[in-house]
Participant: 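If you scroll down you'll find the structure; I have some questions about it.
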Amino acid sequence: MSLSFGKVRFISLFTAVALGNSWGGQLSETEKPAWLEAALERSARQYEYLLTKLESEEHAPRSLEGTRLTTVAWRDWTSGFFAGSLWQLHEVTGQTHWRVAAERYTALLAPAQHNRRTHDVGFVLNCSFGHGYRLTQDPRYRAVLLQGATTLATRFNAKVGSIQSWESRNGWEFPVIIDNMMNLELLLWAAREAPDANLRAIAVSHADTTLRNHFRADASSVHVVNYNPRTGQMRERETHQGASHDSAWARGQAWGLYGFTLMYRETKDARYLTQAGRIAEFIMQHPRLPADKIPYWDFDAPKIPHAPRDASAAAITASALLELADYVAADSAARYRNFAEAQLRSLASPTYLAEIGSNGGFILKHSTGNFPAGKEIDVPLNYADYYFLEALLRLRRVRSET
Ligand code: GLY
């Protein structure tokens, strides 16, 4: 299949009137932010290029191995992000060809709704079918999402008070990873939509258990907590993708920030807002955060300042901060938004934003997937692109309301 698309055109969310300065700093410009529009346009052009490279490929692009595109089927935790990016491009441009592509890459993921072997069913379905349903109201998408939430809930253990993230591995019998907070979004949506109070109770219990056991005094989190599934007792607090059991893996901090922000959105429980604020401060004030605000892959990585960066962690953080800003007082909101904008401006600079036709068709360069395993180091990653787009659209909406 050969895809040939016309010039990218964006729906303007802006009025021509001068924008006020309600949150100060870099966002005081009175004109539409040209850098943001340019970043969105470049992203769209780059994904048009990626689609032409994919042709009849039945799997979603994930990353690059050298110059070889790596792709993934519905079992992979990253399989929903490409469809999610396509839906977001459809939303911002209004162009049909993005919807056609999004529908195609979403449909491939339907089997995930019955996958009981991982918590990642939340990531996979929420980012693909979730956007699809939000934008089209197609009842078939709704049915897949509701089934996916029911499937995810089967991984809940009432003794532990958590959803089991992975099957047993590395000597962990019941591993729960900080990333799992992201999967609660699907549960909470389904709890409202079904409605099903049990799904909501599971999400709240999981968040509360994570709040109790994953965090250190400085608000950083460990990656993995292992439990005894028969007694509920906490066993080890360790890492899988971080530099050490005691380190602060950058993407893990971002997942926690995003996860507790969405828990506050859905429950209005002040404990979640407080935790999100504490994580935000840990990230924003970290002495080893580089000047461009794109973290090293772990805040405690060896070889800093020569350690690889993780653009995905920055994109997730920026998106989360832009939502968190909506829930706090004006001075904190301004700090969060300015920090997020600084991150996004860095990601939109030539250092991180790929030239059209380069980087295998992905939008961002310089992410790190799993450093300790020697996998996906300093590469593009589909989830970096997804959260970059989400954050740009969140910032764009804020600007349109200012
Ligand atoms: N959820 C896996 C990761 O963040 O790499």
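Note that ligands are numbered from 1 as they come in the structure, with each ligand's atoms numbered from 1 the same way.
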Participant: With side-chain contact (heavy atoms from CB on, under 4.5 Å) as the criterion, how do Leu109 and Phe129 come out once you've worked through the C-alpha distance, each side chain's angles and the decisive distance to 0.1 Å?
Facilitator: CA-CA 9 Å; Leu109 308 173; Phe129 283 86; 4.0 Å; yes

Participant: How would you list, by chain and number, the residues with a heavy atom under 4.0 angstrom from ligand 1?
Facilitator: Trp77, Asp179, Gln241, Trp249, Arg251, Trp255

Participant: Suppose we screen for side-chain hydrogen bond (donor to acceptor under 3.5 Å, both in side chains). Which residues come up paired with Asn226, at least two apart in sequence or across chains?
Facilitator: Glu236

Participant: Kindly determine whether Arg155 and Glu167 satisfy salt bridge (charged side-chain N to carboxylate O under 4.0 Å, His left out), including the steps that lead there.
Facilitator: CA-CA 10 Å; Arg155 298 184 66 78; Glu167 299 296 270; 2.8 Å; yes

Participant: Hey, could you give me each pair passing salt bridge (charged side-chain N to carboxylate O under 4.0 Å, His left out) that has a residue in residues 71-85? Not counting sequence neighbours.
Facilitator: Arg62-Asp76

Participant: For residues 193-221, which residue pairs qualify under ring pair (Phe, Tyr, Trp, His ring centres under 6.0 Å), counting only residues two or more places apart or in two chains?
Facilitator: Phe215-Phe260

Participant: Please test Asp326 against Arg337 for salt bridge (charged side-chain N to carboxylate O under 4.0 Å, His left out), starting from the C-alpha separation and ending with a verdict.
Facilitator: CA-CA 9 Å; Asp326 291 341; Arg337 287 174 179 143; 2.9 Å; yes

